[in-house]
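Below, chains carry the letters A, B, ... as their sequence lines are ordered, and counting in each starts from 1. The structure presented is a predicted model; accordingly, all values stated were derived computationally and were not measured.
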Amino acid sequence: MIIVARKYWLLKTEPGCFSIDHLASEPNGIAGWDGVRNYQARNMLRDDIQAGDGVLFYHSSVQPAGIAGICEVVRDGYPDETARDPEGEHFDPRATAENPIWYQVDVQFKSKLPRLLTLPELRDVPGLENMMLLQRGSRLSVQPVRPDEWKIIQRLIRKL
DNA sequence: GCCAACGTTGGC
DNA sequence: GCCAACGTTGGC
């Protein structure tokens with residue numbers, strides 16, 4: 001018997017580089033989440049994130065930063081080919097076909113929030129105190145989100 | 001632009 | 001394997 005436990009994640013991106021609008025305008029709203037060059041994040045992309053998982057799409061390095069939309073993982077981790085493109089900005093000369101080093105998933109657009117659910121707002125929400133995003137010095141670009149945190153955030157979104 | 005936090009690199 | 005130096009992230 002296969003038990004599929006749906007999991008939840010937060011994926012960070014700088015909207016100047018790739019925003020929720022970019023994702024929405026892709027064919028079928030599907031894009032590869034590539035270019036991640038951090039081992040902790042890589043491990044989650046490769047091993048933990050699965051098709052069907054829910055994703056909070058987070059805009060970082062903007063004022064204010066915040067959750068911009070919701071998307072869903074539609075493909076499990078697979079080698080990130082941008083690591084092997086010498087012309088690309090995510091090139092890593094160590095990556096080979098046998099040892100790709102870096103991994104990505106594919107995500108599909110679900111919804112764009114009517115407005116950003118901002119970081120300062122999230123900090124004030126009871127129940128989110130332990131959310132990884134809100135911890136000091138937290139800068140992982142791929143973060144697990146607990147089911148209760150996901151639920152609270154879905155409720156906030158409905159009231160936006 | 002500043003700077004705290006954290007990751008990576010490389011000499012030893 | 002330690003750790004100092006350096007690079008990057010990202011909120012402010």
**OP:** Give the cluster check for A/Ile67 versus A/Val55: same hydrophobic cluster or not, with ILVMFWY residues linked at side-chain heavy-atom distances below 4.5 Å.
**Re:** no
Original post:
Would you say the side chains of A/Ser141 and A/Arg37 form a donor-acceptor pair under 3.5 Å?
Top reply: no
**OP:** Verify whether one side chain among A/Trp33 and A/Asp106 offers a donor that lies under 3.5 Å from an acceptor in the other.
**Re:** no
Take atom [atom1] of [X] and atom [atom2] of [N], then tell me their distance rounded to the nearest Å.
X	N	atom1	atom2	answer
A/Leu10	C/dG11	CG	P	11 Å
A/Leu133	C/dC12	CG	P	10 Å
A/Lys12	B/dG7	NZ	P	12 Å
A/Leu140	C/dG11	CG	P	13 Å
A/Arg123	C/dC12	CZ	C1'	10 Å
A/Asp92	C/dG7	CG	P	18 Å

Original post:
More than 12 foreign heavy atoms under 6.0 Å from CD of A/Glu89: is that the case here?
Top reply: no
Subject >> Within 45° cone of A/Tyr78 ring axis and under 6.0 Å: A/Arg75 NZ or CZ >> reply: yes
Identify the pairs formed between an N or O of the protein and an N or O of nucleotides 8-10 of chain B at a distance under 3.5 Å, and give each distance.
none

**OP:** Could you tell me whether a side-chain N or O of A/Ser25 sits under 3.5 Å from a main-chain N or O of A/Asp21, the two making a donor and an acceptor?
**Re:** yes
